Protein chains: 2
Amino acid sequence: MISGKFAITLHILTLLSKFPDDYLSSDFIAGSMNVHPVLVRKEIANLKKNHIVESKEGKNGGTRLLKSASKITLDAIFKMTFDTVTLGFSKNEPNPDCPVGKQINKNLEHLYDDINQTISLQLNEITLEDFSNKF
Amino acid sequence: MISGKFAITLHILTLLSKFPDDYLSSDFIAGSMNVHPVLVRKEIANLKKNHIVESKEGKNGGTRLLKSASKITLDAIFKMTFDTVTLGFSKNEPNPDCPVGKQINKNLEHLYDDINQTISLQLNEITLEDFSNKF
DNA sequence: TACATTTGCAATAAATTTTATTACAGTATG
DNA sequence: CATACTGTAATAAAATTTATTGCAAATGTA
């Protein structure tokens, strides 16, 4: 199921890209998106794990980009949020005695894999800089 | 947010395509997917609205395809389930005083529109028959 | 050094969304 | 006319996402 992780992460990064030299606090970022600062810090933790941003603790602390916005693709962000586009699965174990039930999830998975690959190709052509320039 | 509508609908249609001459009951279909019959009937109601299937009430009733599986594309099914692929929006009204907050949803929407168009093109090439033949 | 500000993180609560269940009226079949 | 279905609405339960609270640790500044 798709949560707001991608959107939140992209919002964070867009803000950071607008102030590449400043450390922005999670409170400031959360204020722009009207979301809880703890949620912002959670996504930032994920960005740090991926070496996209760095943060500084303590007074006047915050977070800033580690990489140039022109070097970060939306596909990379997509992959970092661990979101995978699916159109849903049979979540209850389907009936293994039914030829369709037995294989439905495997076949859906193949279909969604193909879709994800296409999306990745598309998102790979768009950099954070491109996106940020729309603002 | 993406629910299981597409997957459920595709499962229903795959089953129907396997028995094109029979009326399958919602109980039978629900049994294959291990899901509640009422949920199946809800999705079937949607399929009927779109003239993809017809049902017969009463004893020995059920549902069957109205169109050949080779004439139904996965894109049509995708569109019928009203699912749109998104990677999430800022669901709380973002801060209108922030240049990023003010425009983020509009820009995400454009991005997702593009993605959906690509997915549609891809799903348009696959028929229910193609999908069904994998089983 | 003491204080204010900020991150980091875990635990819990609230809200939202999805799915299941219940109930019952209506319809065809044998 | 009894049985086996669909159709639909209302409610409940489950799952997921988002918000909140609480506090430790770090850091700049007076």
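As a basis for the values below, the full set of heavy atoms in this structure was taken, side chains included, without hydrogen atoms, waters or symmetry mates. Source: prediction; values computed, not measured. So you know, we letter chains A, B, ... as the sequences are listed, proteins then strands, and number each from 1.
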Taking atom [atom2] of [N] as reference, at what distance in whole Å does atom [atom1] of [X] sit?
X        : N       : atom1 : atom2 : result
Tyr23(A) : dT6(C)  : OH    : P     : 15 Å
Glu43(B) : dT18(C) : CD    : P     : 12 Å
Glu54(B) : dT27(C) : CD    : C1'   : 15 Å
Lys42(B) : dT22(C) : NZ    : C1'   : 12 Å
Leu87(A) : dT18(C) : CG    : P     : 14 Å

Q. What residues form a side chain to side chain donor-acceptor pair (under 3.5 Å) with Lys106(A), not counting sequence neighbours?
A.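 Applying side chain to side chain donor-acceptor pair (under 3.5 Å) to Lys106(A) gives Gln103(A).
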(Q) Using a strict heavy-atom distance below 4.0 Å, which residues from residues 26-35 of chain A are in contact with DNA chain C? (A)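 Those residues whose heavy atoms fall under 4.0 Å from DNA chain C, taken from residues 26-35 of chain A in numerical order, are Ser26(A).
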Q | Lys49(A) vs Asn46(A) side-chain heavy atoms within contact, under 4.5 Å | A | yes
Q | Side-chain donor-acceptor contact under 3.5 Å, Ser68(A) with Ser70(A) | A |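 Side-chain D/A pair, Ser68(A) to Ser70(A): present.
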Q. Does the side chain of Asn116(A) come under 3.5 Å of the side chain of Thr84(A) through a donor N or O and an acceptor N or O?
A.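 Per modelled atom types, Asn116(A) and Thr84(A) side chains form no pair under 3.5 Å.
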Q) Going hydrophobic residue to hydrophobic residue with side-chain gaps under 4.5 angstrom, can you get from Tyr23(B) over to Leu13(B)? A)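 In one cluster with Tyr23(B): Leu13(B), no.
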Q: Flag yes if Ile12(A) and Phe19(A) sit in one hydrophobic cluster, no otherwise; membership is Ile, Leu, Val, Met, Phe, Trp, Tyr, and two members link when side-chain heavy atoms are under 4.5 Å apart.
A: yes
Q: Take nucleotides 22-30 of chain D nucleotide by nucleotide from the 5' end and write B, S or -, depending on whether a protein heavy atom sits under 4.0 Å from the base, only from the sugar-phosphate, or from neither.
A: ----BBBS-
Q | Contact list for residues 91-135 of chain B, test ring-ring contact (aromatic ring centres under 6.0 Å, His included), sequence neighbours left out | A |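 Sorted pair list: Phe89(B)-Tyr112(B), Phe131(B)-Phe135(B).
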Q: Could you list all the salt bridge (charged side-chain N to carboxylate O under 4.0 Å, His left out) pairs where at least one residue sits in residues 119-130 of chain A, not counting sequence neighbours?
A: none
Q) Closest nucleotide of DNA chain D for Gly61(B) versus for Ala45(B): which of these residues is on the 5' side? A) Gly61(B)
Q) Taking the side chain of Leu39(A) as heavy atoms from C-beta outward, which of dA19(D), dT8(D), dA20(C) is closest to it? A)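 Given the options dA19(D), dT8(D), dA20(C), the side chain of Leu39(A) is closest to dA19(D).
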Q.
Phe28(B): which residues meet the ring pair (Phe, Tyr, Trp, His ring centres under 6.0 Å) condition with it, sequence neighbours left out?
A. none
Q. Counting just side-chain N and O atoms, does His36(B) come under 4.0 Å of either OP1 or OP2 of dT19(C)?
A. no
